[in-house]
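Just so you know, these numbers come straight off a predicted model, no measurement behind them. What's counted below: heavy atoms across the whole structure, side chains too, no hydrogens, waters or symmetry copies.
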Amino acid sequence: MKTQNIIAAKDIEKKVHQKQQLFFDDKARNRWIFGGNRTGKTHAGAVEAVRWLLEKNCEGWVISVSTRVQRDVAQRKVLALLDEAEAKYDCVMHSGRADNPVRGIIDFLVIKKDNGHESRLGFRNAEQGREKFQGTKLDFVWFDEEPDEEIYDECIMRTMGVEGAGIWGTMTPLRGRTWLYERIFLQSDKSEISVHQWSWEDNPFISKEEIGRMEKNFSTDILESRKFGRFSEGSGLVFSEFEDSNIVRLSNSVAEGGSDLETPCYRFASGFVYTGIAIDPGYTNPTAVLWIGIDGDENIFVIDEYKQSKTTVEQIVKVINTKSKNLGIPVRNVFIDSAAAADSFGSLASVANQFRLHGIDVNTNVNKSVLEGIHRMKALFKSDSGSRKLFIYENCVEIMREIRGYCWGDSNKPVKRNDHCIDALRYFVMAVSPGDSHEVSVSETTKPKRQTNFEKFKRRIINEARY
């Protein structure tokens, strides 16, 4: 076995990741890398695990936040490093085939040495619950991203009194100042705890040009964690970037057929290359529906809304069809909370199937990651470079009211209150990324035969809103 092959990329293109080597040389029994995305922290964590497995006769765990992240990140890294080192190993699988472990979910690996000895690496994730982390003595534990505090405590017990590597963690602090900030980051002067903080500039394999491109995708406060690996305050307004510049003002006087913003002659679809609808369903809690368009410059516009409690799916469908017809928007690309595939409004059919039975083909395949969605929306409202890509028409008063009152809570998570329109917008933003190729053909029944004065005005304010 060639253990020297897995040492951090020292000689590739004659570049050296100095921060990785400092981490490897650190002898503390509780080591943490707080780094931005793509700083090389996960690679360092995997290298440290594989080095111990190959050079010692030991047993360790790698702990991920979910089964999917285990498979796609830590598990993939470990397998690649073992193969690079020409190590022999057997896989015991939770699911999938042992002869193709990269596509399945590994329970544990047994690494076989030339001298007949073995090392063992188990894979765990937070979805399994605290009980799965009890009872085993371990030489080391590697946390890939932030663990729950109770899981961390169990793993401290597993490594206590064992002369192994102890614990190390590699994470981007996206959740703000959680328990880990108090117990690890602020205690880093203790002899048993050491902290390493990495930013994009510390990774020699990321060019300055690429860093510049990544910076444009995030707001200033999000760059604190995404770029620098710093713990953000996590308090105050969530969408502090939302300002008057994100509001599209309509002049009532230019609308043909009257000055009422509800006038059915408003036909928006001709100004967008992609349109869609987003739904956050409810009954006791209100149902929120948003009509959204993307223009040729990849700007996203919330152009109309509906929010009402104690309405049936049949009533909501009627509203969607009526508003869509008035707006000139086809009822397609309809995204809905994935929970709608299971929940019901007092019916045997799921909410999603109830919509389908009434003629609306909803898509439940949405990413519901709250923090990821919030970060994406914040960057669209205003990026670090100052650009704005997410706008809301002034008639959408409900979502603007929610945005202006959406605050961080004590647990460094948004307060779950009056956020139904926000949730709907988050589903859309996470499902449809600007930059993809989106095309929507407006049917002849809804497409205006000529461009009205209002349509010309609307096209002009869309262009002006970007600035």
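One finds a salt bridge joining Glu372 and Arg226 here, because a Lys/Arg side-chain nitrogen approaches an Asp/Glu carboxylate oxygen to under 4.0 Å. Glu243 has a carboxylate O that lies under 4.0 Å from a charged side-chain N of Arg388, or vice versa, which qualifies the two as a salt bridge. By the 4.0 Å N-to-carboxylate-O rule, Asp202 lies too far from Lys41 to be salt-bridged with it. A salt bridge is absent between Glu298 and Lys389: the closest approach of a Lys/Arg side-chain nitrogen to an acidic carboxylate oxygen does not fall below 4.0 angstrom. Classification of Arg183 and Asp153 as a salt-bridged pair holds, one side-chain N sitting under 4.0 Å from a carboxylate O.
In this structure, Lys368 contributes its side chain and Tyr427 its backbone to no donor-acceptor pair below 3.5 Å. With hydrogens and angles ignored, the 3.5 Å screen pairs no side-chain donor or acceptor of Gln70 with any backbone N or O of Ile63. For the pair Asp297 (side chain) and Asn299 (backbone), a donor-acceptor distance under 3.5 Å is absent. Counting only distance, with no hydrogens or angles, the side chain of Arg71 and the backbone of Arg76 share no donor-acceptor pair below 3.5 Å. Remark: side-chain polar atoms of Glu192 are not paired, donor with acceptor, to backbone N or O of Ala28 under 3.5 angstrom. Judged by distance alone, the side chain of Asn203 and the main-chain N or O of Phe205 form a donor-acceptor pair under 3.5 Å. Checking side-chain atoms of Glu305 against main-chain N and O of Ile399 turns up a donor-acceptor pair under 3.5 Å. Within the 3.5 Å criterion, the main-chain N or O of Gly282 finds a donor-acceptor partner in the side chain of Thr287. Between the side chain of Glu398 and the backbone N or O of Ala288 there is no donor-acceptor pair closer than 3.5 Å. Lys19 places a side-chain N or O within 3.5 Å of a backbone atom of Gln197 that can act as its donor or acceptor partner.
Defined by atom type and a distance below 3.5 Å, a donor-acceptor pair is present between the side-chain atoms of Ser194 and Asp26. Between the side chains of Tyr393 and Asp304, no donor N or O sits under 3.5 Å from an acceptor N or O. Under the 3.5 Å distance criterion, with hydrogens and angles disregarded, no donor-acceptor pair is assigned to the side chains of Asp144 and Trp142. Trp200 and Thr39 share no donor-acceptor pair across their side chains, judged by distance under 3.5 Å alone.
Of all the heavy atoms in Tyr406 and Ile422, the pair that sits closest is CG-CD1, 3.5 Å. Of all heavy-atom pairs spanning Met430 and Asn367, the tightest one is CE-ND2, 3.4 Å. Residues Ala424 and Ala278 come closest through the heavy atom pair O-CB, 3.2 Å. In plain terms, the two heavy atoms of Thr284 and Ser309 that are nearest each other are O-CB, 3.6 Å. Here the shortest heavy-atom pairing between Ile184 and Trp32 reads CG2-CD1, 3.4 Å. Across all non-hydrogen atoms, the minimal contact from Ala342 to Ser350 is N-CB, 4.1 Å.
In this structure, CZ in Arg29 is found 12.0 Å from CD1 in Ile193, a value given to the nearest 0.5 Å. Distance check, rounded to the nearest 0.5 Å: CG of Asp337 to NE2 of His420 gives 11.5 Å. Between the CE atom in Met377 and the CD1 atom in Ile403 there is a gap of 6.0 Å [rounded to 0.5 Å]. Between atom CG of residue Leu371 and atom NZ of residue Lys378 there is a gap of 11.0 Å, rounded to the nearest 0.5 Å. The CG atom of Asp419 sits 9.0 Å away from the CG atom of Asn285 when rounded to the nearest 0.5 Å. To the nearest 0.5 angstrom, Leu290 atom CG is 6.0 Å from Leu425 atom CG.
A perpendicular orientation is assigned to the rings of Phe133 and Trp61, their planes being inclined by more than 60° (bins at 30° and 60°). Relative ring orientation between Phe381 and Phe239 is described as perpendicular, the plane-to-plane angle rising above 60° on a 0-90° scale split at 30° and 60°.
Applying the side chain to side chain contact (heavy atoms under 4.5 Å, CB included) test between Tyr306 and each of Ile279, Ile277, Val289 identifies Val289 as the sole match. The one candidate from Ile292, Val366, Val302, Val334 that meets the side chain to side chain contact (heavy atoms under 4.5 Å, CB included) condition with Phe428 is Ile292. Between Val317 and the options Thr322, Val331, Thr311, Ile360, a side chain to side chain contact (heavy atoms under 4.5 Å, CB included) holds for only Ile360.
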Checklist entry - For Asn333 and Tyr274, what are the C-alpha separation, side-chain angles and deciding distance, and is it a side chain to side chain contact (heavy atoms under 4.5 Å, CB included)? => result CA-CA 9 Å; Asn333 307 318; Tyr274 182 94; 3.4 Å; yes
Checklist entry - Would Asp244 and Arg249 count as a salt bridge (charged side-chain N to carboxylate O under 4.0 Å, His left out) if you check the C-alpha gap in whole Å, the side-chain angles of each, and the deciding distance to 0.1 Å? => result CA-CA 9 Å; Asp244 284 349; Arg249 305 291 180 182; 3.7 Å; yes
Checklist entry - Could you go step by step and tell me if Asp423 and Lys416 meet the salt bridge (charged side-chain N to carboxylate O under 4.0 Å, His left out) rule? => result CA-CA 10 Å; Asp423 284 349; Lys416 186 65 180 172; 2.8 Å; yes
Item to check | Stepwise side chain to side chain contact (heavy atoms under 4.5 Å, CB included) check, Glu145 with Thr170 | outcome: CA-CA 6 Å; Glu145 297 303 339; Thr170 56; over 6 Å; no
Next on the checklist: Under the criterion salt bridge (charged side-chain N to carboxylate O under 4.0 Å, His left out), I'd like the reasoning laid out for Lys227 against Glu201: C-alpha separation, chi angles, the key distance, then a yes or no.
Outcome noted: CA-CA 9 Å; Lys227 177 180 179 180; Glu201 281 84 0; 3.4 Å; yes
Next on the checklist: With side chain to side chain contact (heavy atoms under 4.5 Å, CB included) as the criterion, how do Ile329 and Ile303 come out once you've worked through the C-alpha distance, each side chain's angles and the decisive distance to 0.1 Å?
Outcome noted: CA-CA 11 Å; Ile329 290 178; Ile303 57 182; 3.2 Å; yes
Checklist entry - side chain to side chain contact (heavy atoms under 4.5 Å, CB included) between Leu327 and Ser324: does it pass, once the steps are laid out? => result CA-CA 5 Å; Leu327 293 169; Ser324 298; 5.8 Å; no
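Summarising the local packing, NZ of Lys310 is surrounded by 12 or fewer heavy atoms from other residues, nucleotides or ligands at distances under 6.0 Å. Within a 6.0 Å sphere centred on CD of Glu314, other residues, nucleotides and ligands contribute 12 heavy atoms or fewer. Other residues, nucleotides and ligands place more than 12 heavy atoms under 6.0 Å from the CZ atom of Arg356.
Proximity of Phe355 to Val362: side-chain heavy atoms (C-beta onward) are separated by under 4.5 Å at one or more points. Taking the side chain as every heavy atom from C-beta outward, Phe143 and Cys155 approach each other to under 4.5 Å. In this structure, Ile247 and Ile392 have side chains that are not in contact, with every pair of non-hydrogen atoms separated by 4.5 Å or more.
Judged by the 6.0 Å distance and 45° axis criteria, Arg230 is not positioned over the aromatic ring of Phe34.
Ring centroid separation for the pair Phe228 and Trp198 does not come in under the 6.0 Å cut-off. For His196 and Trp168, the ring centers sit 6.0 Å or farther from each other.
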